[in-house]
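Report on the following structure.
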Amino acid sequence: MTPVRIPAELLAAIADHARACFPDECCGYLVGPKDGDAVDEVVACRNAQPDGDHPTHPERAADTGFVIAGAELFAFARSHDGPRPARVVYHSHPNGRAYFSEVDAANARAAGFAVQHLVVGVTAAGATEAALFAACDDDGFVEISRWPAAVLG
């Protein structure tokens, strides 16, 4: 599993998004050339979780769940038919830890998109760490990259 290359300036932009949304989770995705090994643009989305739009966990609040919905979800899905598809979905965990939860994994499997997943740990003081996850053969997800707070800006 080769990690998608995420430039430092994009990691910093995602960390800024996570700080701006705290104490709620932020969400969005990264796009890049279809045949490349890197992404070059952050598409920040609105967390629609407070609206109760989560298809599998509507009881969760925005501080424990995220959902990309509406026009933003359609744009994400349509990107896979173009030259610059979504390559990474990102969200934050406002408990300061970057891990891929069971709910994250279940929702990623159900969505069925071939993307990697970036999770940013954030607290009131700022981003603490980030980790990138990819699907593996056993229907699970494994960590394939990790960044400390210093890299996140």
Side-chain angles (χ1 to χ4, degrees), residues 1-8 10-19 21-49 53-69 72-81 84-123 127-152:
M1 287 169 252
T2 303
V4 171
R5 280 191 309 109
I6 304 172
L10 297 189
L11 287 169
I14 293 165
D16 288 345
H17 187 201
R19 281 189 291 273
C21 291
F22 184 85
D24 292 340
E25 291 191 8
C26 75
C27 59
Y29 57 95
L30 304 167
V31 299
K34 186 178 279 192
D35 296 326
D37 65 348
V39 290
D40 57 14
E41 182 182 354
V42 175
V43 180
C45 296
R46 183 182 73 83
N47 184 352
Q49 183 68 30
D53 285 346
H54 200 289
T56 60
H57 291 17
E59 75 286 354
R60 286 183 169 232
D63 64 338
T64 58
F66 80 96
V67 65
I68 298 172
E72 292 174 330
L73 179 59
F74 288 126
F76 167 80
R78 281 193 307 264
S79 78
H80 289 89
D81 293 329
R84 296 174 40 72
R87 309 277 305 283
V88 176
V89 170
Y90 74 85
H91 74 282
S92 62
H93 284 172
N95 62 9
R97 294 177 26 232
Y99 62 94
F100 209 56
S101 72
E102 289 298 320
V103 171
D104 293 337
N107 290 334
R109 282 191 299 273
F113 290 101
V115 295
Q116 293 178 5
H117 297 268
L118 179 70
V119 181
V120 176
V122 65
T123 66
T128 59
E129 62 184 1
L132 187 65
F133 300 86
C136 60
D137 293 338
D138 68 357
D139 210 28
F141 289 82
V142 296
E143 183 177 312
I144 56 175
S145 288
R146 182 165 284 270
W147 298 269
V151 176
L152 303 175

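Keep in mind the model is a prediction, meaning the values are calculated, not measured. Throughout, residue positions are numbered sequentially from 1 according to the sequence presented.
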(request) Please examine the side chains of Tyr29 and Val88, heavy atoms only from C-beta on, and report whether any two atoms are closer than 4.5 Å. (result) no
(message) If you compare all heavy atoms of Gly65 against all heavy atoms of Asn47, which two are closest, and at what distance to 0.1 Å?
(response) O-ND2, 3.0 Å
(request) Please name all residues satisfying side-chain contact (heavy atoms from CB on, under 4.5 Å) with Asn95, sequence neighbours left out, ordered by chain then number. (result) His93, Arg97, Tyr99
(request) Give the intermediate values and the outcome of side-chain contact (heavy atoms from CB on, under 4.5 Å) for residues Arg87 and Lys34. (result) CA-CA 8 Å; Arg87 309 277 305 283; Lys34 186 178 279 192; over 6 Å; no
(message) With a 4.5 Å cut-off on side-chain heavy atoms, are Asp63 and Phe22 touching?
(response) no
(request) Using a 4.5 Å cut-off on heavy atoms from C-beta on, say whether the side chain of Arg19 contacts that of Val122. (result) yes
(request) Please state whether the rings of Phe100 and His91 are parallel, tilted or perpendicular, taking 30° and 60° as the class boundaries. (result) tilted
(request) Of all the heavy-atom pairs spanning Ala134 and Met1, show the shortest one and how long it is. (result) CB-SD, 3.8 Å
(request) Run through Val89, Ile14, Val4 and flag the one making a side-chain contact (heavy atoms from CB on, under 4.5 Å) with Leu30. (result) Ile14
(message) Quick check: closest heavy atoms across Ala48 and Ala69, and the distance to 0.1 Å?
(response) CB-CB, 3.7 Å
(request) Kindly write out the residues that satisfy side-chain contact (heavy atoms from CB on, under 4.5 Å) with Ala135, not counting sequence neighbours, or none if the list is empty. (result) Phe141
(message) So Arg5 and Val39, do their side chains get closer than 4.5 Å, heavy atoms only?
(response) no
(request) With the side chain counted from C-beta on, respond yes when Leu118 and Trp147 share a heavy-atom pair under 4.5 Å apart, and no when they do not. (result) yes
(request) Can you see which heavy atom on Phe113 is nearest to which on Ala77, and at what distance? (result) CZ-CB, 4.1 Å
(request) Could you tell me whether the side chain of Ile68 reaches within less than 4.5 Å of the side chain of Arg46, counting heavy atoms only? (result) no
(message) Can you confirm whether Phe133 sits close enough to Val119 that some side-chain heavy atom of one is under 4.5 Å from a side-chain heavy atom of the other?
(response) yes
(request) May I have the step-by-step check of side-chain contact (heavy atoms from CB on, under 4.5 Å) for His80 and Val115, ending in yes or no? (result) CA-CA 10 Å; His80 289 89; Val115 295; 3.7 Å; yes
(message) I'd like to know if the side chain of Ser79 reaches the main chain of Ala86, judged simply by a donor and an acceptor atom lying under 3.5 Å from each other, with no hydrogens or angles considered.
(response) yes
(request) Determine, for Arg146 against Glu129, whether the closest basic-nitrogen to carboxylate-oxygen distance falls under 4.0 angstrom. (result) yes
(message) Please find the pair of heavy atoms, one from Cys136 and one from Val142, that lie closest to each other, and give the distance.
(response) SG-CG1, 3.9 Å
(message) Does any part of the side chain of Phe66, heavy atoms only, come nearer than 4.5 Å to the side chain of Ser92, both counted from C-beta?
(response) no
(request) Start with the C-alpha distance between Gln116 and Ile144, add both sets of side-chain angles, then the distance that settles side-chain contact (heavy atoms from CB on, under 4.5 Å), and finish with yes or no. (result) CA-CA 9 Å; Gln116 293 178 5; Ile144 56 175; 3.5 Å; yes
(message) Test your reading of the model: is there a side-chain donor-acceptor pair from Asp16 to the backbone of Ala13, 3.5 Å cut-off?
(response) no
